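Scroll down for the structure; my scribbles are underneath it.
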2 protein chains.
Amino acid sequence: MKNFVLKGTILYTEEKDHLIAAKDSYVVCQDSLCQGVFARLPECYQHFEVIDYGNNLIIPGLTDLHVHAPQYTVCGFAMDLELMPWLNACIFPEEAKYADPGYAREAYSVFVRDLKHSPTTRICTFGTLHTEGTLELMRQLEEAGFHGCVGKVSMDRNAPEALSETNGEKNLLDWLSQCHFEHIHPILTPRFIPACSDELMTSIGRIQKETHLPLQSHLSENPAEIDFVKELCPSSAFYGDAYDRFGTFGTNGSTIMAHCVHSGEAEIALMKQNNVYVAHCAESNFNLSSGIAPARRYLDAGLHMGLGTDIGGGTSVSMFRSIKEAVIASKMYWRLLDSTKAPLLFSEAFYLASKGGGSFFGKVGSFEKGYEFDAVVLDDSRLRAPRDLSPQNRLERVIYGDNCDVVTDKYICGEKI
Amino acid sequence: MKNFVLKGTILYTEEKDHLIAAKDSYVVCQDSLCQGVFARLPECYQHFEVIDYGNNLIIPGLTDLHVHAPQYTVCGFAMDLELMPWLNACIFPEEAKYADPGYAREAYSVFVRDLKHSPTTRICTFGTLHTEGTLELMRQLEEAGFHGCVGKVSMDRNAPEALSETNGEKNLLDWLSQCHFEHIHPILTPRFIPACSDELMTSIGRIQKETHLPLQSHLSENPAEIDFVKELCPSSAFYGDAYDRFGTFGTNGSTIMAHCVHSGEAEIALMKQNNVYVAHCAESNFNLSSGIAPARRYLDAGLHMGLGTDIGGGTSVSMFRSIKEAVIASKMYWRLLDSTKAPLLFSEAFYLASKGGGSFFGKVGSFEKGYEFDAVVLDDSRLRAPRDLSPQNRLERVIYGDNCDVVTDKYICGEKI
């Protein structure tokens with residue numbers, strides 16, 4: 001447990017439509033928790049060490065709520081394809097390579113190294129179906145100081161032989177029994193309905209009911225995928241219902257569903273009822289020609305929502321890019337599809353990347369009192385300007401410019417990593 | 001005039017739907033012109049110096065066909081606004097600052113420095129309406145080794161007083177008389193119809209008729225702007241017609257129109273007839289909520305087209321980003337607006353950024369024999385991978401990842417800059 005103070009230009013959100021900016025201010029960490037932001041350091045913290053970051057920006061750590069770490073090795077490849085052919089041509093052959101622990105070790109070291117230099121502090125990532133490789137990813141994230149969830153992928157149909165389990169339940173329990181990490185927790189990870197038999201989904205549903213482990217999967221991403229689910233599950237009323245029938249749609253534990261691009265009224269209502277988190281992955285939905293998720297509609301409906309890079313549908317570990325693309329997507333949704341759904345403000349997209357996604361882990365993603373102390377320091381002096389800029393303009397320039405290289409120091413739950 | 005050979009993994013396009021990749025190959029420069037790409041160096045070039053870039057990638061230089069250099073200082077600011085309010089709140093006050101030559105010098109030095117580290121070799125940029133500041137931009141680009149066009153902006157209405165000329169023709173002629181640069185040429189630059197009186201447009205039309213100078217402006221970008229043009233020019237059949245009436249729509253000299261997001265049939269037909277270039281600026285059209293230009297339709301119609309960053313509607317000097325966003329925009333156009341307009345392939349967007357836009361300057365943007373020798377060397381070794389990657393995958397990774405920092409060396413018309 002560490003007590004210290006960071007000094008600099010502090011930016012964060014409490015409410016989604018307002019970015020708070022405090023120049024030359026102090027943010028206090030006591031016992032890993034944030035004590036708030038102060039223009040003058042209160043008497044009671046005067047004995048804490050003050051780390052003075054001068055004119056640098058200090059923002060809350062960002063949460064990447066949906067990402068496939070093993071796909072980092074094929075970032076940007078074959079983006080002329082849509083989701084299903086891309087999975088078959090590019091992703092499945094790559095993920096099969098992670099059967100080799102040596103390959104997994106090297107590949108994940110690239111991912112974790114780049115993640116360290118990004119503004120991300122919390123992460124929910126898919127591994128592959130391989131136990132050893134997934135444990136390796138967990139080990140590397142833990143050693144690097146990250147907090148978050150990693151899932152061994154469960155899948156047993158409609159995939160190449162190398163990526164089809166024959167004993168999915170046993171494999172899952174075997175992996176769970178080996179998850180002994182302090183800050184990286186296991187998360188149940190049925191790939192998506194097309195890749196999971198009823199038997200496997202039944203097992204996962206039972207395990208979640210017994211363990212209350214969190215769960216992550218994909219939902220209503222791409223028209224061809226949704227059609228395939230209809231074909232596979234003729235008795236399900238909608239895609240989310242196909243999860244719900246196995247108790248894996250938020251009723252037995254915290255649940256993240258990535259994408260939700262084409263969710264209808266009934267699906268949205270069930271997500272709301274079951275407290276399902278939407279992981280909004282705008283860049284990936286662009287790249288795979290899936291469409292645009294109605295983020296404003298989800299905000300208005302009061303759904304839980306965060307942002308995800310969705311590597312390798314997304315092409316960067318940068319949550320700055322996820323913020324930018326979420327804003328862009330909402331603008332095109334407003335312009336092209338529904339003029340009653342106002343574009344996301346910059347502050348709203350920033351909120352989703354920090355406090356919105358962070359809330360999956362509890363009080364995470366803000367500098368309000370009582371929040372776990374995740375902070376990212378940005379030295380934007382490289383981005384020269386011929387005049388003084390406001391703190392908000394400086395943050396906009398960093399984020400819209402996707403200038404990840406300005407990340408210098410990072411604190412996760414009070415620990416400098 | 002220099003003769004030399006670059007060796008490396010060479011990628012370029014001749015036709016738009018095919019990316020040519022040549023590993024361990026040679027591209028030859030003789031008297032500033034490309035002599036072609038060779039797997040073995042022909043006898044006749046054996047006495048040329050060979051610069052061996054090992055495993056690095058070598059691509060043609062990219063052309064930024066539409067950019068506002070003075071807006072680089074406000075990149076990413078106030079993107080919650082649409083075009084017209086953004087111009088008034090953010091852009092016009094910034095451009096007014098360029099009345100101060102000292103401010104212009106410092107601001108442009110930031111832009112030119114970052115442009116040097118980008119994959120851009122040719123550029124068509126707006127300055128401001130200030131003669132001295134615009135000459136300063138031209139001087140800096142010339143000294144940095146770039147080739148391209150710079151325009152002193154002409155504008156005399158619907159702008160703050162500081163940005164309204166009282167003697168536009170005289171100012172323009174005065175500026176033209178001072179343009180003595182080798183590789184940076186003047187281009188006529190009426191800001192756009194809303195900011196240019198009939199009198200000013202008449203002058204510009206006459207000057208173009210007499211000088212055959214090229215011209216750049218904006219066309220059919222944003223619905224509110226288009227409505228404003230209708231109001232200002234009730235007798236014009238469409239936005240492009242409002243230019244054409246003054247002879248400034250391609251009839252009297254090469255002409256670039258930026259955006260063309262909402263061009264109708266008649267406007268497209270006139271662009272085709274008059275050989276008008278479309279500068280497609282997908283990211284800017286996203287950021288300012290303008291919409292999506294139908295790039296596939298323009299390709300099918302055989303229009304001349306290149307890509308532009310459109311700083312400050314765009315947020316980076318990186319043409320890699322322009323390529324990526326052009327692909328994304330075309331995917332959303334296909335998915336959301338017109339399923340008969342296929343998304344741009346990666347190779348097509350790369351073609352537009354290299355040979356498509358480059359053709360505005362002649363034989364520029366390819367490694368075919370006779371092309372001016374513009375080349376960019378990419379050292380992507382920082383982007384680690386656990387296995388060997390194909391040349392195309394490596395280029396995709398660089399471009400979709402928007403990894404501008406891999407640019408190492410750059411040659412423009414045979415000169416290393």
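Heavy-atom basis, side chains included; hydrogens, waters and symmetry copies ignored. Bear in mind that the values here come from a model prediction, so they are computed numbers and not experimental data. Residue numbers start from 1 in every chain, and the chains themselves are labelled A, B, ... in the order their sequence lines are given, proteins ahead of strands.
If you tally non-hydrogen atom pairs under 4.5 Å between each of Pro223(B), Ala78(B), Ser347(B) and chain A, the highest count goes to Pro223(B). Most heavy-atom pairs under 4.5 Å with chain A: of the set Leu395(B), Val110(B), Asn393(B), Thr315(B), this distinction falls to Asn393(B). With chain B as partner, the option from Tyr72(A), Phe346(A), Tyr103(A) having the largest number of non-hydrogen pairs under 4.5 angstrom is Tyr103(A). Looking only at heavy-atom pairs under 4.5 Å with chain A, the residue among Gly291(B), Cys75(B), Ala385(B), Ser390(B) that has the most is Gly291(B). Contact count versus chain B (heavy atoms, under 4.5 Å) is highest, among Val74(A), Asp114(A), Leu345(A), Leu288(A), for Leu345(A). Taking chain A as the reference chain and counting heavy-atom pairs below 4.5 Å, the highest number among Thr73(B), Asn287(B), Ile399(B), Asn285(B) is found for Asn287(B). Put simply, of Arg113(A), Glu283(A), Lys97(A), the one with the most heavy-atom pairs under 4.5 Å next to chain B is Arg113(A). For the set Leu389(A), Asp405(A), Ile328(A), Asn403(A), the entry with the most heavy-atom pairs within less than 4.5 Å of chain B is Ile328(A).
With a 4.5 angstrom heavy-atom cutoff, Gln392(B) does not touch chain A via any of its atoms. Neither the backbone nor the side chain of Asp100(A) has a heavy atom closer than 4.5 Å to any heavy atom of chain B. Only the side chain of Glu325(A) has a heavy atom closer than 4.5 Å to any heavy atom of chain B. There is no contact between Arg105(B) and chain A, counting heavy-atom distances below 4.5 Å. Of the atoms belonging to Val327(A), not a single heavy atom falls under 4.5 Å from chain B. If you measure heavy-atom distances from Ser316(A) to chain B, you find no contacts under 4.5 Å at all. Looking at Leu337(A), only its side chain comes within 4.5 Å of chain B, counting heavy atoms on both sides. Of the atoms belonging to Ala107(A), heavy atoms from both backbone and side chain fall under 4.5 Å from chain B. Heavy atoms of Met332(A) lying under 4.5 Å from chain B belong exclusively to its side chain. For Ala329(A), no part lies near chain B; criterion is any non-hydrogen pair under 4.5 Å. Proximity to chain B is absent for every atom of Ser330(A), based on heavy atoms less than 4.5 angstrom apart.
A salt bridge between Asp300(A) and Arg297(A) is absent, with no side-chain N of the basic residue lying under 4.0 Å from a carboxylate O of the acidic one. Using a cutoff of 4.0 Å between basic side-chain nitrogens and carboxylate oxygens, Glu106(A) and Arg384(B) are not scored as salt-bridged. Looking at Glu94(B) and Arg387(A), a side-chain N of the basic residue comes within less than 4.0 Å of a carboxylate O on the acidic one, giving a salt bridge. A salt bridge links Arg139(A) to Glu132(A): at least one charged side-chain nitrogen sits closer than 4.0 Å to a carboxylate oxygen. Under 4.0 Å is where a charged nitrogen must lie from a carboxylate oxygen, and between Glu396(A) and Lys324(A) no such pair does.
In this structure, Lys116(B) places its NZ atom where only 12 or fewer heavy-atom neighbours from other residues, nucleotides or ligands lie under 6.0 Å away.
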Exercise for review: Start with the C-alpha distance between Phe126(B) and His68(B), add both sets of side-chain angles, then the distance that settles ring pair (Phe, Tyr, Trp, His ring centres under 6.0 Å), and finish with yes or no.
Suggested key: CA-CA 5 Å; Phe126(B) 282 50; His68(B) 295 259; 4.3 Å; yes

Exercise for review: Dump the intermediate steps for side-chain contact (heavy atoms from CB on, under 4.5 Å) on Asp379(A) and Asn55(A), then the final yes or no.
Suggested key: CA-CA 8 Å; Asp379(A) 176 3; Asn55(A) 193 36; over 6 Å; no

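For the side chain to side chain contact (heavy atoms under 4.5 Å, CB included) with Asn222(B), the qualifying choice from Asp227(B), Leu87(B), Leu83(B) is Leu83(B), the only one to do so.
Aromatic ring centroids of Tyr98(A) and Tyr108(A) lie under 6.0 Å apart.
Minimum interatomic distance between Met79(A) and Gly312(A) (heavy atoms only, all atoms of both residues): CE-O, 3.8 Å.
Here CG of Asp310(A) is found 8.5 Å from CG of Asp64(A). Values are rounded to the nearest 0.5 Å.
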